[in-house]
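First up is the structure itself, then whatever we jot down about it.
Positions are given from 1 along the sequence.
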Amino acid sequence: MEWNDVRIFLAVARQGSIGAAARSTGLSHPTVGRRMRALEKNVGHPLFQRHSTGVLLTEVGSKVLRLAEEMEVSALAFERRLIGEDSSPCGSLRISSADWFATYVLPPVIEALVHDHPGILPELIVSSRRYDLSRREADVVFRVVPFEEAGIVQCRLLRVAYGLYARTDTVFPVRGDGRGSNLLIMDTAVNSYPEVDWLRKILPHAQTAVIANHRALQARLCQRGMGLAVLPRAVGDATSGLTRVDLGESPPSRHIWMGYHEDMRGMDRVRALADVARRLIGGDVDGENEQ
């Protein structure tokens, strides 16, 4: 079997339809269908059962899936190790982080990186999604939780202080109560946000007004007086019209972690960014110990 056909087979199996697989691979619907029919002919068995809304793996298809996944692991490792040996200081570098971190913390790092290494082209991917470093969805990732995936080189950087913010003319709530106050909280359906539990504990009778998954949006809604929001100090302190609410206890702080795949440690561009990030944001931010 050719790897390209196996790659397309994996996309169909994971997406559950020819159309979705075509979109995810950048191929046309007829091309994906034709490649799958050719693969089934080579295997000698049907791999998918077609139905009105998509496809399901047959029993043989399920067995092939396990082998295809093993092939994918080897192919991805082969690709990473070849790219990781690239000692050129020039070329693109895919960097992923959350929106607020990219907007309020990363700019000096990117500026210094481009100044010191003008041949590097940073490609910033701003998203709350956790990108898969083993698949090279990103080269370097900054996030607020440690990496548990195998083969990841990670470094703990600054500790981010958070604060409770409200519009300047807002009547501040009473700790332990919160009646009459609205809360703007982060969506905990996918990711964990310790400050949400903290808010509900410290203001048990406050009402949730908006759930969001974007810090900058949270700050703007808070700026419009729609409710109280826990924000990274880097965001809240820089947003006009907001004031930090002191309830005698600060929200839980969190570290920023930087990670990249161990196969990429030999790439000069990755090492350059890691060095700049450690130099500029390797220490704790001011105010982390304020209570």
Would you please test V145 and R130 for side chain to side chain contact (heavy atoms under 4.5 Å, CB included) and show each step? CA-CA 10 Å; V145 293; R130 295 183 184 177; 3.3 Å; yes
Keeping the roles fixed (side chain from [X], backbone from [Y]), state whether a donor-acceptor pair exists under 3.5 Å.
| X | Y | result |
| --- | --- | --- |
| T58 | P46 | yes |
| E149 | D132 | no |
| H51 | T53 | yes |
| R50 | F48 | yes |
| R278 | L157 | no |
| T168 | G241 | yes |
| S24 | A21 | yes |

Is there side-chain contact between L231 and Y104, with at least one heavy-atom pair below 4.5 Å? no
If we only count heavy atoms from C-beta on, is the R136 to L133 side-chain gap below 4.5 Å? no
Which distance, rounded to the nearest 0.5 Å, do you find between the [atom1] of [X] and the [atom2] of [Y]?
| X | Y | atom1 | atom2 | value |
| --- | --- | --- | --- | --- |
| I202 | R175 | CD1 | CZ | 4.5 Å |
| H45 | L39 | NE2 | CG | 12.0 Å |
| S97 | R143 | OG | CZ | 12.5 Å |

Taking all non-hydrogen atoms of both residues into account, name the closest pair between [X] and [Y] and its distance.
| X | Y | answer |
| --- | --- | --- |
| I211 | T208 | CG1-CG2, 3.9 Å |
| W3 | M71 | CZ3-C, 4.1 Å |
| V270 | M264 | CB-O, 3.8 Å |
| R167 | R224 | NH1-O, 3.3 Å |
| V153 | R265 | CG2-NH2, 3.3 Å |
| A274 | Y260 | CB-CE2, 4.3 Å |

Write out all pairs satisfying salt bridge (charged side-chain N to carboxylate O under 4.0 Å, His left out) with one or both partners inside residues 195-216, taking only residues at least two apart or from two chains. E195-R215, K201-E249
The test is side chain to side chain contact (heavy atoms under 4.5 Å, CB included); show your working for M36 and L47 and say whether it passes. CA-CA 8 Å; M36 285 303 93; L47 302 177; 5.7 Å; no
Please step through side chain to side chain contact (heavy atoms under 4.5 Å, CB included) for the pair V144 and V160, ending with a clear verdict. CA-CA 9 Å; V144 293; V160 178; 5.8 Å; no
Does Q207 CD have over 12 foreign heavy atoms under 6.0 Å away? no
Steps toward side chain to side chain contact (heavy atoms under 4.5 Å, CB included) verdict (V114, I120): CA-CA 6 Å; V114 172; I120 295 178; over 6 Å; no
Going hydrophobic residue to hydrophobic residue with side-chain gaps under 4.5 angstrom, can you get from L164 over to L184? no
